[in-house]
Amino acid sequence: TASVWGAAITDSVYCSEKTCLNSCNNRGRCVDGQCVCDDGFTGADCSAKGCPNNCDNRGRCVNGQCVCDDGFTGEDCSERTCPNDCNDRGRCVNGKCICDSGFTGDDCSENTCPNNCNNRGRCVNGQCVCEDGFTGADCSAKGCPNSCNNRGRCFRGNCVCRRGFTGPDCSHRKKCQQSGRQTS
């Protein structure tokens, strides 16, 4: 007991400062009874490892590493994923596949066709299926009707029929006269 100006004062100390749980585990500082954690730590007492950018609110933090929600990836879950990781046939940019040459589709799973079939056919598994009147690997050549029915050859879009056949697609047989001459 001490005395000041003749009054007795006891040894009890009055503290107005609030303390923090586990002294913030020496990973932060105590402010008004709450821990303000250092970078990389979180929790009421700064005992848990934190995650970069709090996983951008697109995942959860597990032992200092982000476990991203579906559709997101990256150290802090800030990057969008691409469908099927572009099937290793392209690169992912902001959630969209930029396909390598020879591939197309949302996930680069489809083969492209030469010259996109010159808009004269459709692409099926990397092969052009040409519209009538066009032929070739990229549908660039003029085709003949019904491919001349395999009874002639195609020359600049017209059938040159073999002997004994006639018509725009070589589908008609020539009729023969008694004398052995052919007529149409």
Taking [X] for the side chain and [Y] for the main chain, is one N or O donor matched with an acceptor at less than 3.5 Å?
X      : Y      : result
Asn149 : Arg151 : no
Arg156 : Lys142 : no
Asn118 : Asp138 : yes
Arg58  : Cys68  : no
Arg162 : Asn150 : yes

Can you tell me how far the [atom1] atom of [X] sits from the [atom2] atom of [Y], to the nearest 0.5 Å?
X      : Y      : atom1 : atom2 : value
Gln65  : Cys55  : CD    : SG    : 9.5 Å
Asp32  : Lys18  : CG    : NZ    : 6.5 Å
Asn115 : Cys117 : CG    : SG    : 9.0 Å
Asp100 : Asn87  : CG    : CG    : 11.0 Å
Asp106 : Lys96  : CG    : NZ    : 7.5 Å
Asp56  : Cys51  : CG    : SG    : 12.0 Å

Taking all heavy atoms of [X] and all of [Y], pick out the closest pair and write down the distance.
X      : Y      : value
Pro145 : Asp169 : O-CB, 3.4 Å
Gly33  : Cys20  : C-SG, 3.3 Å
Pro83  : Gly95  : CD-O, 4.2 Å
Pro52  : Gly64  : CD-O, 4.3 Å
Thr104 : Thr112 : CB-CG2, 3.6 Å
Gly59  : Cys77  : CA-SG, 4.3 Å

If you apply the rule side-chain contact (heavy atoms from CB on, under 4.5 Å), what do you find for Phe72 with Thr81, and how did you get there? CA-CA 5 Å; Phe72 299 96; Thr81 59; 5.5 Å; no

For the pair Arg173 and Phe165, evaluate side-chain contact (heavy atoms from CB on, under 4.5 Å) and give the outcome as yes or no after the intermediate values. CA-CA 5 Å; Arg173 286 192 179 270; Phe165 297 97; 3.7 Å; yes

Is it true that Cys46 and Cys24 have SG atoms closer together than 2.5 Å? no

What do you reckon, Cys97 and Cys108 SGs under 2.5 Å? no

Other residues, nucleotides, ligands: >12 heavy atoms within 6.0 Å of Asp132 CG: no

I'd like to know whether Cys148 forms a disulfide (SG to SG under 2.5 Å) with Cys170, so could you lay out the CA-CA distance, the side-chain angles of the two residues, the decisive distance to 0.1 Å, and finally the verdict. CA-CA 5 Å; Cys148 303; Cys170 302; 4.7 Å; no

So, do Cys154 and Ser147 sit near enough that their side-chain heavy atoms are less than 4.5 Å apart? no

Do you know which of Ser140, Cys123, Pro114 makes side chain to side chain contact (heavy atoms under 4.5 Å, CB included) with Cys128? Pro114

